[in-house]
Enquirer: 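Supplied in structure tokens, the structure appears directly below.
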Amino acid sequence: MASESSAAKLPCAVRVLFERDGVLARPGAREPEDGEEDVLVCGSLRIVQKDADVSVEFTPLEDSADILCAAEDSSSVMEWVRCGGGRRTAQRDPVRAAGEGAEPDGAPRRRFSAGLSQLAAVTVGRDGWRDAPSLLFAPKSSSSLPPLLLQQGGAEELLDCLRKVATLSQCAQDASRLLIGPVDKLLGDSFENLPDDRDDRNRFEPKFREDAGAADRSSKVGDGFFHAFRGGERPRRCPPEEVAHVLAEPVPALEINQQEEPGFEVVTRVGLGSRPQVQRGEPVSAPEWSAHQDGDGRLLRVAGLKESIFRGGLCHALRKEAWKFLLGYFPWGSTLEQRKSLQRSKTDDYFRMKLQWKSVSEEQEKRNWRLREYRSLIEKDVERTDRSNPFYRGADNPGLVLLHDVLMTYCMYDFDLGYVQGMSDLLSPLVFVLESEADAFWCFVSFMEQLHRNFEEQMLGMKAQLIQLGSLLRLLDPSFCNYLESQDSGYLYFCFRWLLIRFKREFAFHDVLRLWEVMWTGLPCRNFHLLLCCAILDSEKSKIMEEKFGFNEILKHVNQLSMKLDVEEILQGAESIWLQIKKSQGCPRTALDILARDSCHRASAGAPLDRDGRLAGDPGRPAPPGPLAFTSQPAALLL
């Protein structure tokens, strides 16, 4: 990003969104062959916002040799030619230079500036000649711009910057080509304006990785979803073909027609009955926890203990020990000695993996672009993670060092996934509670096993969750679903952040601790987090419908709920919804399939399931399979 000093030199109407020095421009569209001269010019690349216009600008260094030059009329982008070879007649291009200062008469014009609205696409790859990320912007006109080589990296940051102000969607014919859609700041602002002390980057948009040969992995954390509602100048219904690259692919184990718009699944209106009132309990205390342990430290009556944790959470003093059980780091039936032995072994394993990246020399890292990208992204994210929390506040904070080291070690543990933006939010509470580098790492590994599909390139987990959430919401309140669809919000994209990082940025920090430990019990049903989404939407539907919120207003309102939600009220509401569904007669199998704890058990027509996924009234007999039986692993649906 641009430094403060750079921004200070610009007029007040100009804002530098991205800046990278050491960028090389190549006049030819291909890489040089063996023995062929590579003609390049060095300069800086910027993305600049001037009032409502956004431009991509390349400016050569003042002392750069005149390897390349443009035609003399620099009011538009021209064909680039070799100096000394005679100037070629250049055709004017609609991609205009944006307010650049005049150069002395006779000086070669080697810079260019292209408005984002005049660009059709950007192709991202790796330059095999210099092993650097490469960019090629394609104007909508027939002219061309020079390929750019980012010697110091930064392609990921550039794409993240572009996604804040325009739509980027993957080209179906070329995976490395991103189509540039209409410029729209609405979504970027709604995700950026959150009540914490981070900078204005969208932390939850995709992490881009520059793979050799096929660089676009921008679907990593949901670019396709954002494309669906950032693609127009005004709110409109998103036809199925616009989101086909996200929802048209078959999601394993989910037999729902994803080609149709939301709400077209045939569901008979079900009388769910009244929604029962539920009461929350007090947090589990240290004496209550000790009462469940025998003389060797084994935990007894685990089902009752989990029920108590679900009902009231844990007192903070217990979290350091109890979270290791809830996340599967410690087996529930293990003795104290077994846990000590396991902890020693796991600690040794952790530090062996940590040594792998700590021992990489600078020379080695220069030849490992993926490790460099991971490190760069982690360092930036750690610097803005929960900095308002006293545990992470201040410069040279040891908590930030723990965050950094655990995330870097996780890259060595799962190098295929590596680091994706948003993962620092998931780790931060674990480091805060456990205060142990190795323990936090292994608990984070267990947590990521649940959420892995949230961050995978194909996004199967995110797709499945949004489809499941839509099915539950239509069962609970068809009129509200119809209203959302009428306002182009039927795909529930505004819930994306909730699902991606499990409400981490929707509740106050200490409320997140309570919410997570309740969800980790696995009670009262599978996919309880979807019912939490339903409870939040249920609490806001009256305001949304009565005030006739449109697409933009719904998106803005939902994002403004951050840090204003009462965790106990939402937990009560979600449990109440579960009990309402559980006791209903004739509940659709779709809902039961989503919520049943055992994916192999299905309800017969009209028969609700109990908490253990069995037919109500017959605890010994599992439900027979229904027409939506799973065809692959349940993990395709559940995170």
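Only a predicted model underlies this, so the values are computations on that prediction, with no experimental measurement involved. Side-chain atoms are counted along with the backbone in the values below, which use heavy atoms only and exclude waters and symmetry mates.
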Enquirer: Is there a side-chain contact between Ser44 and Phe58, using heavy atoms and a 4.5 Å cut-off?
Expert: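 No, side chains not in contact.
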Enquirer: Considering all heavy atoms of both residues, which atom of Ala166 and which atom of Leu116 are nearest to each other, and what is their separation?
Expert: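 Distance-wise, the nearest heavy atoms are CB-CD2, 3.9 Å.
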Enquirer: Of the options Arg497, Lys564, Met563, which is the one that meets Glu506 in a side-chain contact (heavy atoms from CB on, under 4.5 Å)?
Expert: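 Among Arg497, Lys564, Met563, the one meeting side-chain contact (heavy atoms from CB on, under 4.5 Å) with Glu506 is Arg497.
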Enquirer: What about Tyr410 and Tyr419, are their ring centers closer than 6.0 Å?
Expert: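 No: the rings miss the under 6.0 Å criterion.
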Enquirer: Would you check if Leu326 and Trp332 make a side-chain contact, meaning some heavy-atom pair closer than 4.5 Å?
Expert: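 Counting from C-beta outward, Leu326 and Trp332 do come under 4.5 Å.
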Enquirer: For Val284 and Leu305, work out which heavy atoms get closest and say how close.
Expert: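 So the two residues come closest at CG1-CD1, 4.4 Å.
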Enquirer: Of Asp349, Asp348, Asp405, which is the lone residue that meets salt bridge (charged side-chain N to carboxylate O under 4.0 Å, His left out) with Lys354?
Expert: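 Output: one option passes, namely Asp405.
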Enquirer: State whether Glu517 and Arg514 are salt-bridged, where the test is any N-O pair (Lys NZ or Arg NE/NH1/NH2 against Asp/Glu carboxylate O) under 4.0 Å.
Expert: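 Here Glu517 pairs with Arg514 in a salt bridge, since their nearest N and O are under 4.0 Å apart.
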Enquirer: Quick one: closest heavy-atom pair of Phe507 and Val567, and the distance?
Expert: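 Here Phe507 and Val567 meet closest at CE2-CA, 3.7 Å.
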Enquirer: Given the side-chain rings of His510 and Trp516, with only the six-membered ring counted for Trp, is the space between their centroids under 6.0 Å?
Expert: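 No, they do not, as the ring centres are separated by 6.0 Å or more.
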Enquirer: Show your reasoning for whether side-chain contact (heavy atoms from CB on, under 4.5 Å) applies to Glu449 and Val445.
Expert: CA-CA 6 Å; Glu449 287 176 359; Val445 166; 4.0 Å; yes
Enquirer: Given Phe441, which partner from the list Tyr329, Phe351, Tyr350 fulfils the side-chain contact (heavy atoms from CB on, under 4.5 Å) test?
Expert: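 That would be Tyr350.
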Enquirer: Show the numbers, then the answer: is there a side-chain contact (heavy atoms from CB on, under 4.5 Å) between Leu523 and Arg311?
Expert: CA-CA 9 Å; Leu523 299 174; Arg311 189 67 48 206; over 6 Å; no
Enquirer: Ignoring hydrogens and angles, state whether a donor on the side chain of Glu288 or His292 is under 3.5 Å from an acceptor on the partner side chain.
Expert: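 Distance-only check fails for Glu288 and His292.
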Enquirer: Does Glu379 form a salt bridge (Lys or Arg N to Asp or Glu O under 4.0 Å) with Arg384? I'd like the steps, not just the answer.
Expert: CA-CA 9 Å; Glu379 289 174 352; Arg384 55 181 184 243; over 6 Å; no
Enquirer: Do the non-hydrogen side-chain atoms of Phe432 and Asp386 ever get within less than 4.5 Å of each other?
Expert: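 Not in contact.
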Enquirer: In this structure, is the centre-to-centre distance between the rings of Phe551 and Tyr493 below 6.0 Å?
Expert: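 Judged by ring-centre distance (under 6.0 Å), Tyr493 and Phe551 do not meet the cut-off.
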Enquirer: Can you list the steps and then say if Thr347 with Arg352 is a side-chain contact (heavy atoms from CB on, under 4.5 Å)?
Expert: CA-CA 9 Å; Thr347 300; Arg352 273 195 294 270; over 6 Å; no
Enquirer: Would you say the ring centers of Tyr374 and Trp357 fall short of 6.0 Å from each other?
Expert: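 Between Tyr374 and Trp357, the centre distance exceeds or equals 6.0 Å.
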Enquirer: Does atom CD of Gln293 have more than 12 heavy-atom neighbours from other groups under 6.0 Å away?
Expert: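 Enclosed.
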Enquirer: Is a salt bridge present between Lys366 and Glu362, judged by a nitrogen-to-oxygen distance below 4.0 Å?
Expert: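 Salt bridge flag = no for Glu362 with Lys366.
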Enquirer: Would you tell me whether Gln465 and His529 have side-chain atoms, one donor and one acceptor, within less than 3.5 Å of each other?
Expert: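 Distance-only check passes for Gln465 and His529.
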Enquirer: Could you give me the CA-CA distance, side-chain angles and deciding distance for Leu299 and Trp289, then say whether side-chain contact (heavy atoms from CB on, under 4.5 Å) is met?
Expert: CA-CA 9 Å; Leu299 284 167; Trp289 178 269; 3.7 Å; yes
Enquirer: Which pair of non-hydrogen atoms, one from Trp498 and one from Cys533, has the smallest distance, and what is that distance?
Expert: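 Of all heavy-atom pairs spanning Trp498 and Cys533, the closest is CE3-SG, 3.7 Å.
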Enquirer: Less than 4.5 Å apart, any side-chain heavy atom of Met448 and any of Asp414?
Expert: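 Side-chain contact under 4.5 Å: no.
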Enquirer: About how many Å separate CZ of Arg393 and CG of Asn397, when rounded to the nearest 0.5 Å?
Expert: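 Output value for this atom pair is 10.0 Å.
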Enquirer: Between the side chains of Arg372 and Glu365, is the shortest nitrogen-to-carboxylate-oxygen separation below 4.0 Å, so that they form an ion pair?
Expert: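 Answer for the salt bridge query: no.
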